[in-house]
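Right, one structure below, let's go through it.
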Amino acid sequence: MRGIQPSVVKKPSRPWLPSIIDRKPVELQDETLRDGLQCPSVTDPPIEEKLQILHLMERNGIHGADVGLPGAGPRAVADVTRIVTEIVDQRLKIKPSCAGRTLAVDIEPIADIAQATGKVLEADLFIGSSPIRQLAEGWDVDRLLRTTEKAVTYAVELGLEVMYVTEDTIRSNPETLTRLYRTAIECGAQRICLCDTVGHATPRGVSRLVKQMRKLVEETGERVAVDWHGHRDRGLSVANTLAAVEAGVDRIHGCALGIGERVGNTPMELLIMTLEDLGWMSPDHEALAEYVQLVSRSCRVAIPEGWPVKGVNCEQV
Amino acid sequence: MNKSSWVHDWNVDPDQPMEWPEIRLWDRSCELRGCPPTPLWTSLLEVHGLHPETSARTVIPSVARQDREALRRAIEASPKDHLVVLDDHPSLATPTEVEALCKFALELGRPLAWSGGNQRGLAVANALTAIRSGVGTVMTTFFGIEDQVATDQLLVNLALLGAVARDAVKLRELAEEAARLFDYVVLPSYPVIGEDAFRTGTGVHAAAIIKAEKTGDIELADQIYSGVPANWFGYEQIIEVGPMAGASNVMHWLRRNGYEATEERVGTILERAKKSSRVLEDTELHTIASAEEF
């Protein structure tokens with residue numbers, strides 16, 4: 001698996017950090033072009049600028065990108081198709097995925113794009129799993145299970161790789177999560193995603209959740225990867241993601257400048273810089289600055305004062 | 001379903017209940033900004049127990065880079081009547097490191113305080129870790145100005161964790177005075193206080209909030225898609241209409257603004273929203289909704 005390897009070079013001195021040299025690689029998943037654009041203050045950039053952002057993701061060594069939610073409408077379909085075509089034509093290594101609800105009406109456009117572009121796509125299919133969500137929607141667990149089974153099976157039949165996502169995992173019952181994830185894995189999901197959709201998590205909670213779900217995956221005997229997706233509502237997103245890494249996730253999600261739903265997602269550049277501090281990455285600082293500045297300009301999002309990316313000036317747009 | 005079963009909270013470990021030491025947040029905003037406090041600011045700090053201390057102190061900088069022996073020597077060399085400040089500037093520490101070095105430092109029996117920066121987005125987590133490890137005094141500034149841990153974000157987290165009473169946190173008042181006093185522009189993406197903190201234009205999110213509102217339970221609606229309950233801190237949930245909206249977003253806006261949510265009106269607005277590259281302004285929505293064709 002292409003991923004970030006802990007380096008044998010220890011830099012700088014970290015006397016209070018336990019050894020992580022034997023930790024398995026972790027991958028980066030960029031949500032800027034999907035969750036990022038759900039921020040109510042951002043402007044959805046024109047497709048040409050989305051392609052530039054995509055290329056900067058590639059230059060920054062980001063492994064995967066959620067490039068949109070085609071079920072949102074024709075504009076989303078057009079943009080996602082163009083982005084995936086770019087990845088194919090330019091032979092980019094970055095792996096594209098698309099978000100969608102666990103509904104045929106969201107799954108089918110993803111499959112259509114995969115067919116049209118000839119690129120195998122990952123479908124990131126999400127369903128609300130928390131009791132509070134069930135209460136508001138009038139759902140019971142059996143309905144969640146039936147929906148999951150139908151959606152994942154259908155997506156797999158259509159040739160999609162499936163990442164199965166429970167929304168608000170951090171506030172969901174362990175028993176419900178176990179049943180949902182098991183069902184998804186049995187139906188062919190290759191990846192599961194644990195989410196702090198509402199920005200409730202603390203590092204301690206993340207650690208407990210990830211460890212238990214990792215154990216579940218091991219018990220299935222299937223080769224299924226585990227993702228962590230977090231938000232910034234409590235100012236804990238980077239810490240939560242580090243906790244997820246320490247607990248054993250395979251891939252972590254972030255967005256440039258931390259844009260995203262409400263106050264946003266885990267800032268990708270802070271994740272990259274933290275991984276650099278730990279000796280796990282040697283990023284191209286110029287590419288990182290360009291990535292941040294381009295997203296700022298294209299999405300019309302201000303860079304906060306003192307944002308710690310080398311070469312980036314605070315810009316009020 | 002009663003409220004106690006709304007949520008299974010993975011943050012809570014029944015086998016390891018959270019214990020809190022006496023917590024003191026030492027807000028240094030005026031000191032570090034170099035501006036005198038207003039009477040209102042002084043009063044607000046006092047009400048929240050945030051007023052700065054005047055203890056003599058010894059600061060140990062780059063604390064996460066000091067090994068055990070260096071840290072021991074630095075602490076033992078400081079005058080006995082000094083507060084020893086474990087200072088993580090330039091910020092490097094992760095919460096794992098903070099826990100380890102705080103527990104070690106506490107064994108030396110000196111009064112301690114934590115001070116840290118936010119260069120990696122870890123300031124709040126590190127401060128909470130220092131507090132839970134037993135270092136109850138933390139140096140902060142409002143909005144995290146001058147690269148310190150943000151008083152406001154720490155208060156929010158301590159209220160959510162049950163370490164301080166949520167009724168005791170008058171966040172909006174503090175934020176409004178702090179923004180004036182320190183000439184601070186609060187970006188929309190700033191946690192809790194920023195304009196986007198409780199705002200969504202996404203169809204799935206909005207639909208769930210609206211369904212929850214229809215139950216008549218305001219708390220349910222406030223918490224269904226928000227880890228921080230807006231009403232705890234004087235805010236409320238806002239639903240917008242933009243390219244990611246669904247019919248629910250539009251119907252919600254129409255009803256709130258006194259329009260009949262006919263199929264035609266909803267369809268026209270939704271079509272316009274889907275073609276937009278951003279959330280629509282109220283003025284734009286009024287123009288469409290009040291068109292003669294309806």
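Per chain, numbering begins at 1; letters A, B, ... match sequence-line order. Keep in mind that the numbers below use all heavy atoms, side chains included, and drop hydrogens, waters and symmetry copies.
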Min side-chain heavy-atom separation Asp44(A)-Arg278(B) under 4.5 Å: no
Smallest separation among heavy atoms of Pro308(A) and Arg120(B), with atom names: CB-NH1, 4.3 Å
Chain B contact via Ser41(A) - which portion, at a heavy-atom distance below 4.5 Å: both
Options Gly199(A), Gly258(A), Ala201(A), Pro174(A), ranked by heavy-atom pairs under 4.5 Å with chain B, top entry: Pro174(A)
Most contacts with chain A, counted as non-hydrogen pairs under 4.5 angstrom, among Leu128(B), Asp147(B), Leu122(B): Leu122(B)
Closest heavy-atom pair and its distance - Ser277(B), Arg75(A): CB-NH2, 3.9 Å
Residue Glu261(A) versus chain B: region with a heavy atom under 4.5 Å: side chain
Under 4.5 Å from a heavy atom of chain A, the part of Tyr190(B) involved: backbone
Flag side-chain contact, heavy atom, 4.5 Å: Arg68(B) against Trp16(A): yes
Engaged part of Lys275(B) at the chain A interface, taking heavy atoms whose separation is under 4.5 Å: backbone
Flag side-chain contact, heavy atom, 4.5 Å: Lys274(B) against Pro74(A): no
Structural part of Val124(B) lying under 4.5 Å from a heavy atom of chain A: both
Toward chain B, the part of Leu177(A) with a non-hydrogen atom under 4.5 Å: side chain
Interface moiety of Thr215(B) toward chain A, non-hydrogen atoms closer than 4.5 Å: neither
Expected output: side-chain Arg171(A) to main-chain Asp9(B) donor-acceptor under 3.5 Å: no
Side-chain donor-acceptor contact under 3.5 Å, Tyr225(B) with Arg262(A): no
Side chain / backbone / both / neither for Ile224(B) at chain A, heavy atoms under 4.5 Å: both
Gly235(A) to Gln153(B) - nearest heavy-atom pair and separation: CA-OE1, 3.4 Å
Option that, when pairs with chain A are counted at under 4.5 Å, heavy atom only, ranks first among Val279(B), Leu160(B), Asn126(B): Leu160(B)
Interface moiety of Thr169(A) toward chain B, non-hydrogen atoms closer than 4.5 Å: backbone
Glu269(A) portion near chain B, given a 4.5 angstrom heavy-atom threshold: neither
Side chain, backbone, both or neither of Pro95(B) within contact of chain A (heavy atoms, under 4.5 Å): side chain
Region of Leu236(A) that comes under 4.5 Å of a non-hydrogen atom in chain B: side chain
Asn11(B) side-chain N/O to Thr202(A) backbone N/O, donor-acceptor pair under 3.5 Å: yes
